[in-house]
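Everything on this sheet refers to the single structure shown next.
The residues of the chain are indexed from 1 along the displayed sequence. Keep in mind it's a predicted model, so treat the numbers as computed, not measured. We count ligands from 1, going down the list as the structure has it; atoms in each ligand are counted the same way.
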Amino acid sequence: MMNVKWTRRDFPILETGVAYMDNAASSLTPEPVLSKMMEFYHEYRSNVERGVHRLEQRAGEEYEKSRIKISNFINTKSSDEVIMTKNTSEGINLVASGLKWHRGDKIVTTSLEHHSNFIVWLRVKERYGIDLQVIKPSKEGKFSLSDFEEAVDEKTRLVAMSHVSNVFGGISPVKEVAELAHEHGALMLVDGAQSVPHMSVDVQKLGCDFLAFSGHKMCGPTGSGVLFIRKETQEEVEPLCIGGGTVDDVGLDYYRLVEGPKRFEAGTPAIAEVIGLGAAIDYLGQIGMRTIEEYERQLTIKLWSGLSEIPRIEVYGPSSEDRVGIVSFNLGSLSSHDVAIALDIASNVMVRSGYHCAIPLMKDLLRVPGGVVRASMYFYNTKKEVDRLLSVMAELSSSMA
Ligand SMILES: Cc1ncc(COP(=O)(O)O)c(C=O)c1O
């Protein structure tokens with residue numbers, strides 16, 4: 001059972017009365033995570049890896065402990081499959097620039113993607129002349145597997161899709177698509193930015209080759225992110241940056257890259273942030289991902305059905321059962337930004353508005369020139385906060401009657 005009242009004490013920002021419903025953009029950070037980061041600065045501030053002194057040994061141990069926590073959290077076979085990045089975007093870019101592309105290769109993606117999992121593939125297409133096939137979902141953001149069956153063929157090198165849409169919150173069938181990709185010898189990249197923070201994600205069950213996600217959307221600090229690369233695939237991926245920490249031997253005319261995650265982590269990493277992300281994973285683990293999922297489902301059903309009942313509101317995406325706590329909507333012809341400002345001013349409710357870095361989805365599927373309002377919840381949101389949002393929306397709607 002979720003003890004929201006108790007949990008909220010870890011987020012001082014909530015004491016100001018703010019209802020923070022912009023978690024899909026970035027979550028809040030609880031005190032235990034901040035304390036763990038301060039522990040690094042107060043007690044063992046140094047670099048990692050390169051020195052033998054006590055402080056550096058301790059910092060290195062804490063840094064590697066985080067890698068192990070992340071590995072357990074997403075159930076990788078080994079912590080060597082966990083690469084620290086600064087965010088989801090960096091992870092996806094690493095894969096896009098690291099794989100060796102040949103003219104005639106094919107990438108399959110979807111029109112539901114966040115720009116970070118879309119324009120990178122457009123750039124690969126421009127640079128290497130590959131074929132990019134974009135699968136379109138239904139108006140509710142649902143995919144038909146037969147579209148993937150038609151698109152994925154022997155030329156396909158990679159299928160790249162998000163696990164959960166950052167606009168609809170809908171969960172996509174990535175496991176089934178991964179199976180299909182592998183049947184054709186293609187690799188599967190999953191953008192887990194909106195799934196990993198909200199549900200239990202197991203890379204072995206999903207069967208993906210890459211999973212990218214952001215620590216800052218799951219109670220970790222900004223500047224922390226993760227890219228899972230399956231061990232067998234790591235040799236196929238050229239690091240984005242090389243330099244200090246990535247080699248085990250260098251001569252005047254050669255260098256040899258180390259094996260494992262350090263190959264991809266050039267230079268001094270974001271040490272405090274990685275240690276903070278480890279603490280965030282402990283924090284989520286103490287609550288339990290199943291508990292988080294179930295509690296968010298209750299909030300989502302309440303928000304989704306409440307909004308659906310208000311005249312002149314259009315709610316986008318699948319029904320409330322098939323999604324995480326993201327609900328996007330519009331009110332009549334009001335601009336999404338005006339609605340977001342009204343919610344802030346009238347009731348201290350923070351939501352996102354606009355395109356949500358998904359312009360193809362807005363233009364092609366929803367045809368909403370001003371974008372949409374997006375309320376995205378986490379385990380520290382309450383039913384009362386949902387009521388606050390609903391009551392402002394009902395008032396705005398009746399003022400338009
Ligand atoms: C589905 C999805 N992919 C990628 C990203 C990019 O994440 P980041 O800004 O942390 O790189 C986001 C951010 O909102 C997202 O929602």
Side-chain angles (χ1 to χ4, degrees), residues 20-29 70 74 83-97 109-123 134-135 137 141 143 158-174 177 188-199 201 206 208 210-228 240 270 273-274 276-277 280 296 316-318 323-328 340 350-362 365-366 371-378:
Y20 186 75
M21 295 203 190
D22 193 14
N23 293 286
S26 206
S27 73
L28 303 178
T29 314
I70 295 161
I74 56 169
I83 290 134
M84 305 302 181
T85 61
K86 67 174 187 289
N87 51 35
T88 304
S89 308
E90 190 189 2
I92 298 173
N93 272 274
L94 194 158
V95 176
S97 67
T109 188
T110 86
S111 62
L112 200 66
E113 304 307 313
H114 184 283
H115 295 162
S116 292
N117 192 31
F118 193 75
I119 62 171
V120 282
W121 310 121
L122 283 178
R123 186 161 77 170
V134 182
I135 308 256
F143 289 105
L158 182 79
V159 180
M161 72 187 290
S162 51
H163 196 179
V164 165
S165 153
N166 67 314
V167 176
F168 293 144
I171 302 165
S172 291
V174 287
V177 176
M188 177 76 187
L189 178 142
V190 175
D191 172 350
Q194 300 298 347
S195 61
V196 177
H198 301 278
M199 54 202 266
V201 173
L206 284 189
C208 56
F210 308 102
L211 173 77
F213 57 98
S214 303
H216 69 90
K217 294 184 198 285
M218 49 190 286
C219 293
T222 55
S224 65
V226 175
L227 175 67
F228 154 77
L240 197 55
E273 286 71 14
V274 169
L277 177 55
E296 279 183 36
Y316 304 106
R323 53 163 95 202
V324 303
I326 297 175
V327 184
S328 292
M350 308 297 144
V351 295
R352 249 299 177 93
S353 49
Y355 296 129
H356 311 284
C357 296
I359 294 177
L361 166 62
M362 298 290 153
L365 191 70
L366 295 183
V372 299
V373 186
R374 179 184 72 185
S376 54
M377 300 175 289
Y378 215 179

Given side-chain contact (heavy atoms from CB on, under 4.5 Å), test V201 with V190 step by step and report yes or no.
CA-CA 11 Å; V201 173; V190 175; over 6 Å; no

So, for [X] and [Y], which heavy atoms are closest and what is the spacing to 0.1 Å?
| X | Y | answer |
| --- | --- | --- |
| T110 | E113 | OG1-OE2, 2.5 Å |
| S162 | V174 | O-CG1, 3.9 Å |
| R323 | G317 | NH2-C, 3.5 Å |
| T85 | N87 | OG1-O, 3.1 Å |

Mind checking the CZ-CD1 spacing from F210 to I83? Nearest 0.5 Å is all I need.
9.0 Å

Can you tell me which residues line ligand 1 if we count any heavy atom under 4.0 angstrom from one of its atoms, in chain and number order?
A24, N87, T88, S89, H114, S116, N166, D191, A193, Q194, S214, H216, K217

